[in-house]
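Being a predicted model, the structure only gives us computed values, none of them experimental.
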Amino acid sequence: MRITASDLGADRGGERIFSDLSFSVSDGGCLLVTGPNGSGKSTLLRAIGGLLPLSEGAIALEPASETWPTVASACHYLGHHNGLKQALSVEENLRFWRDFSGEERESVEDALDQVGLYGLGHLPFGVLSTGQRRRVAIARLLVTWRPIWLLDEPTAGLDARSETRFAGLMEAHREAGGIIIAATHWPLGLADVQEFVMGEMPMDAVV
């Protein structure tokens, strides 16, 4: 599998945020998107995931299939917000996303165990600490399979131990043939990654 972006451009508030951006990432690859605040990192991830329109250019998945007909269908998106309801329990939140996203990959219990939260599924999401909430959001990536992970500042709120654990989960995803595209200000502890800096034109990366 390969995701290819060609000559991408996007606007925000009527102003061009980025243009002439091209990249290609194959299975097992990781592209780190860096740059100052406001340079378009989050906009790029949302556009890849089909959450925002592009002003120009195209993003393609090769080969497209019945299971993954589009790039958006093949993506898990983890943004600044965790996408979880405070009034629901941890288990209820993860079961919702499992049912919404499709066939189960990891059980809720196993996913929580992998992020160091085993036994806390009964708790309301709203009572958790900031770091625990982020770890539940990471567990959401595990309960169903999507080959492409779009991660926007994924380690925000995590302590050093949780960052190391998450790095292992990302490496396991890559070893299983997955792709990671992450916007970050900080290293993610991953080997063999490609990086480009938003705001440096033109941008062209191949992973």
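- Ser26 and Arg2 share a donor-acceptor pair across their side chains, judged by distance under 3.5 Å alone.
- Contact between Trp68 and Ala74 at its shortest, heavy atoms only, is CE3-CA, 3.7 Å.
- Taking hydrophobic clusters as Ile, Leu, Val, Met, Phe, Trp and Tyr residues chained together by side-chain heavy-atom distances below 4.5 Å, Val115 shares a cluster with Leu188.
- Side-chain contact check for Arg174 versus Ile180: some heavy-atom pair is nearer than 4.5 Å.
- For the 3.5 Å distance criterion, the side chains of Thr34 and Glu195 qualify, holding a donor opposite an acceptor.
- The shortest side-chain heavy-atom distance between Glu62 and Met1 does not fall under the 4.5 Å cut-off.
- Counting only heavy atoms from C-beta outward, the side chains of Arg140 and Asn93 never approach each other to under 4.5 Å.
- Atom OG of Ser107 sits about 9.5 Å away from atom CD of Glu91, to the nearest 0.5 Å.
- Under the 4.5 Å side-chain criterion, counting only non-hydrogen atoms from C-beta, Glu104 is not in contact with Val143.
- Annotation for Ala64 and Pro69: closest pair CB-O, 3.7 Å, computed over non-hydrogen atoms.
- Contact record, Ala176 with Arg105: CB-NH2, 4.1 Å, taken as the closest heavy-atom pair.
- For the atom pair His80 NE2 and Leu45 CG, the distance stands at 9.0 Å (nearest 0.5 Å).
- The only option from Leu120, Leu142, Val90 that meets the side chain to side chain contact (heavy atoms under 4.5 Å, CB included) definition with Leu112 turns out to be Val90.
- Note: the hydrophobic cluster containing Leu52 does not contain Leu78 (ILVMFWY, side chain heavy atoms under 4.5 Å, direct or indirect links).
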Start with the C-alpha distance between Asp11 and Phe18, add both sets of side-chain angles, then the distance that settles side chain to side chain contact (heavy atoms under 4.5 Å, CB included), and finish with yes or no. CA-CA 7 Å; Asp11 297 335; Phe18 59 78; over 6 Å; no
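- Summarising the geometry, atom CD belonging to Glu109 is positioned 9.5 Å from atom CG belonging to Leu94; distances are rounded to the nearest 0.5 Å.
- The side-chain heavy atoms of Val33 and Thr184, taken from C-beta on, include no pair separated by under 4.5 Å.
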Side chain to side chain contact (heavy atoms under 4.5 Å, CB included) for Leu21 and Met198? Distances and angles first, verdict last. CA-CA 9 Å; Leu21 191 159; Met198 298 293 286; 3.8 Å; yes
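- With a 4.5 Å cut-off on side-chain heavy atoms, Leu8 and Glu56 do not count as touching.
- Here the side chains of Ile179 and Trp149 are not in contact, with every heavy-atom distance at 4.5 Å or above.
- Atoms CD1 and CZ, from Ile17 and Arg12 in turn, are 3.5 Å apart once rounded to the nearest 0.5 Å.
- Nearest heavy atom pair, residue Arg134 against residue Asp152, reads NH2-O, 3.2 Å.
- If you look at Trp145 and His173, their ring centroids are closer than 6.0 Å.
- Under the 4.5 Å side-chain heavy-atom criterion for ILVMFWY residues, a single connected hydrophobic cluster contains both Ile181 and Ile59.
- No hydrogens or angles considered: nothing links the side chains of Ser101 and Arg146 as a donor-acceptor pair under 3.5 Å.
- Grouping the Ile, Leu, Val, Met, Phe, Trp and Tyr side chains by contacts below 4.5 angstrom, directly or via other members, places Trp186 apart from Met170.
- We find the CG-CD distance between Asp159 and Gln132 to be 10.0 Å, quoted to the nearest 0.5 Å.
- Val136 and Leu88 fall into different hydrophobic clusters, where Ile, Leu, Val, Met, Phe, Trp and Tyr are joined by side-chain heavy atoms under 4.5 Å apart, directly or via other members.
- When atom types are taken as modelled, the side chain of Lys41 and the backbone of Gly35 share a donor-acceptor pair closer than 3.5 angstrom.
- Here the shortest heavy-atom pairing between Gly49 and Ala72 reads O-CB, 3.4 Å.
- A distance of 5.0 Å separates SG of Cys30 from CG of Leu190, quoted to the nearest 0.5 Å.
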I would like to know whether Arg135 and Leu128 meet side chain to side chain contact (heavy atoms under 4.5 Å, CB included); could you show each step before the answer? CA-CA 10 Å; Arg135 285 150 67 188; Leu128 301 181; over 6 Å; no
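- Relative ring orientation between Phe100 and Trp97 is described as perpendicular, the plane-to-plane angle rising above 60° on a 0-90° scale split at 30° and 60°.
- Side-chain atoms of Gln86 never come within 3.5 Å of backbone atoms of Val127 as a donor-acceptor pair (strictly under, hydrogens ignored).
- Thr4 has its side chain out of reach of Val25: every pair of non-hydrogen atoms, C-beta onward, lies at least 4.5 Å apart.
- Annotation: cation-pi geometry satisfied between Arg133 and Phe125 (NZ/CZ under 6.0 angstrom from ring centroid, within 45° of ring axis).
- When all heavy atoms of Ala167 and Gly189 are compared, the pair lying nearest together is CB-O, 4.0 Å.
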